[in-house]
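Take a look at the structure set out below.
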Amino acid sequence: MRPINSKITKIVEETPSIRTFRFDTSLDDAQPGQFVMVWVRGVDEVPMGCSFKNGITVQKVGDATSRLFEMKEGDSVGLRGPFGKGFTLPAKDENILIIAGGVGVAPLGPLADEAISLGAKITTILGARTASELVFEKRFSEAGEVHLTTDDGSAGTCGFVTTVLADVDVSVYDRICVCGPEIMMFNVLKMLEEKGAHERAEFSLHRYFKCAIGVCGACCMDHEGLRVCKDGPVLNGSLLLDSEFGNYKRSSSSQRVKV
Amino acid sequence: MVKITGIEFRNPTILASGIMGTTGASLVRMANSGAGAVVTKSIGPEPKIGHPNPSMVKLDCGFLNAMGLPNPSYADFDNEIKIAKEGADVPVIASIFGGNAEEFVRVAEGLADSKPDAFELNVSCPHAEGYGATIGTDSCMVEAITAAVCDAVDAPVWVKLTPNVTDIKSIGKAAENGGAAAVVAINTLRGMAIDINSGYPILGNRFGGLSGTAVKPVAIKCVYDLYEALDIPVIGVGGVSSWEDAVEMIMAGASAVQVGSAVHEGVEVFADIATGIEQFLQDNGYPGVEDITGLAHEVI
């Protein structure tokens, strides 16, 4: 598909470094966890998890996101998608644990909304570096119980999401959905493995995407050759044990680099 | 079983270069999905990040791409070939590129320790300045580079040709004269798409290469012409997504077919095509693929 010309209708400053951009394009068939390719014309095209059917929530990290942060309501980008595989949607009365770190909230926000509308019960562990960097606190609170955690203790528990997770009885959850920095997710996976719950966990991964449609292989992970753009970006925890996850990834020139 | 340039393939489908060939593990996955052989992503002398995105876009008629030869260099890639060789029960062909004969030789020699079953010379990428088709449109350079790599390595050398030339037969002949064991035809056709809302060319590189269904008739004609002009085998590639496409390509003169963009529909495409070819041969009483290779030339 060609990029859909999408006008920015609203910009919300979520934190000093994270903004939500809403568009006049709504990808109504997007499932929670699927992503769009956001084309910032003349700069680059980057993958972003859909935080709304018509929106993305972005941290300023590179050329494309920096240019995006200079844009105003009324400006436009190109959107392609939705692509990839999202989170498994819960059945009625299922118990779901969401673990979100930093801008990792992006694909988990719509999951919380969707899960509630399907009649599931949601608990969220929401982490950030500091209180002002917490995103979607209200959104997750409206979906269920929220445990806050910050690195500096400025809100909730002082520590990481794993600090909270250590005291959680995960046996009560039918599924655990995770997104955040890879090291955070890796530590969560290890903890869930010890608790025997990794097969009930799904992780939304980040890798360098080139084609984004499952052809070129730039985002393939060792050791199964899974394409993060098409077989993921949401992958089951059992597929990630003994993989490159948490250890290394590949750069834009496909060289291995440490996570 | 098919034998081409001294290499045995369990079936005549081959993973095309540039598709799922960045890592050893992904090559193994394609082999396990049914490919009779796999070709790596094109590897060059230095690490290269490629063109900015968008680098691939699906159009109504096919795919446009301009990856820009991203690769970690031969020094970092020999380990991936080793992984592929250990894990895949099929031949592994190393696709290589360079800006001149010396660079091609350096890459080929650099990868020789990992023992690829053949080398495929990329003198046909349509959108990498100084590489690919810049070289592949010049028959003197194609012959010189082919000869230099053939001298440097023991493995068979295949040369992948560009259709963006006036006469592909002359380039094929140059490869043959240089000592190529086979030619591979075709790489993508130069193309472009423009976003009418902004006027921006969609690909980060502005233009790129067209693949998929749209290019099949072009590929069939190139294979047909090369089969007639050359004494070495022709490996067909371009728009093959079904066993019927593959049989058509083989009847034009291909000894085997490579499959690229069709992986988009599913990695099981190799097994589907291979099974379909086998069934077609059986149903029509042909003993093997070689019995229909170039059939379109004989019936007239």
Side-chain angles (χ1 to χ4, degrees), chain A residues 1-7 24-25 37-47 62-64 67 75-81 83 207-231 242-244 248-257, chain B residues 15 18-30 32-33 41 43 46-60 63 65 67-73 75-77 79-80 83 87 193-204 211 260-267:
Chain A
M1 67 184 296
R2 286 167 181 260
I4 305 164
N5 186 50
S6 306
K7 196 182 280 186
D24 63 353
T25 299
M37 291 302 284
V38 182
W39 180 30
V40 182
R41 297 177 180 109
V43 184
D44 204 352
E45 188 194 42
V46 287
D63 294 345
R67 177 72 193 91
D75 290 343
S76 67
V77 299
L79 294 182
R80 291 195 291 150
F83 292 136
R207 281 293 178 273
Y208 180 72
F209 287 177
K210 201 80 180 146
C211 79
I213 53 174
V215 178
C216 77
C219 64
C220 281
M221 287 182 73
D222 288 343
H223 300 288
E224 301 299 324
L226 289 168
R227 300 163 294 181
V228 174
C229 76
K230 189 147 180 173
D231 302 311
D242 304 320
S243 76
E244 68 180 44
Y248 63 89
K249 57 184 179 178
R250 282 179 168 81
S251 68
S252 51
S253 61
S254 304
Q255 287 179 299
R256 286 187 190 194
V257 289
Chain B
L15 172 73
I19 313 293
M20 294 292 285
T22 303
T23 69
S26 60
L27 290 164
V28 172
R29 183 176 175 196
M30 294 300 99
N32 292 343
S33 302
K41 177 148 196 58
I43 301 301
E46 304 293 340
K48 206 169 184 302
I49 61 170
H51 298 314
N53 280 352
S55 50
M56 187 160 188
V57 60
K58 187 175 189 288
L59 303 174
D60 294 338
F63 297 84
N65 92 80
M67 295 285 158
L69 298 169
N71 83 98
S73 84
D76 251 30
F77 198 73
N79 190 45
E80 303 295 341
I83 291 168
I194 291 165
D195 174 42
I196 61 166
N197 297 293
S198 63
Y200 272 84
I202 294 175
L203 292 176
S211 65
S261 309
V263 168
H264 180 260
E265 305 308 323
V267 295

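Order of the sequence lines fixes the chain letters, A, B, ..., with proteins taken first and strands second; residue numbering starts at 1 for each chain.
Interface check for chain A: of the options B:S261, B:S55, B:P52, the most heavy-atom pairs under 4.5 Å are formed by B:S55. Note on B:N32, B:I83, B:D195, B:V28: by heavy-atom pairs under 4.5 Å with chain A, the leading option is B:D195. Of the listed residues (A:E45, A:E224, A:R2, A:M1), the one with the most heavy-atom contacts under 4.5 Å to chain B is A:E45. Annotation: maximal heavy-atom pairing with chain A below 4.5 Å, among B:V57, B:L27, B:L69, B:I202, occurs at B:I202. Across A:S254, A:C220, A:C216, the residue that shares the most heavy-atom pairs under 4.5 angstrom with chain B is A:C216. Note on A:M37, A:H223, A:K230: by heavy-atom pairs under 4.5 Å with chain B, the leading option is A:K230. Across A:L226, A:D63, A:I213, the residue that shares the most heavy-atom pairs under 4.5 angstrom with chain B is A:I213.
Residue A:R227 touches chain B through both its backbone and its side chain, counting heavy-atom pairs closer than 4.5 Å. Heavy-atom distances place no part of B:L15 under 4.5 Å from chain A, backbone and side chain included. Looking at A:V43, the atoms closer than 4.5 Å to chain B (heavy atoms on both sides) all sit in the backbone: N, CA, C or O. For B:V263, the parts sitting under 4.5 Å from any heavy atom of chain A are the backbone and the side chain alike.
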*Report the C-alpha distance between B:L203 and B:H51 in whole Å, list the side-chain angles of each, state the deciding distance to 0.1 Å, and finish with yes or no for side-chain contact (heavy atoms from CB on, under 4.5 Å).*
CA-CA 9 Å; B:L203 292 176; B:H51 298 314; over 6 Å; no
_Please evaluate residues B:M56 and B:F63 with respect to the criterion side-chain contact (heavy atoms from CB on, under 4.5 Å), reporting the C-alpha separation (whole Å), side-chain torsions for both, the decisive distance (0.1 Å), and the verdict._
CA-CA 7 Å; B:M56 187 160 188; B:F63 297 84; 3.6 Å; yes
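For CD of A:E244, the number of neighbouring non-hydrogen atoms (other residues, nucleotides, ligands) closer than 6.0 Å is greater than 12. The environment of A:D75 atom CG is dense: over 12 non-hydrogen atoms of other residues, nucleotides or ligands sit within 6.0 angstrom. Taking a 6.0 Å sphere around CG of B:L59, one finds it holds more than 12 heavy atoms contributed by other residues, nucleotides or ligands. Within 6.0 Å of NZ in B:K48 there are more than 12 heavy atoms belonging to other residues, nucleotides or ligands.
When only modelled atom types and interatomic distance are considered, A:R41 and A:N5 share a side-chain donor-acceptor pair under 3.5 Å.
A salt bridge links B:E80 with A:R250: at least one charged nitrogen is closer than 4.0 Å to a carboxylate oxygen.
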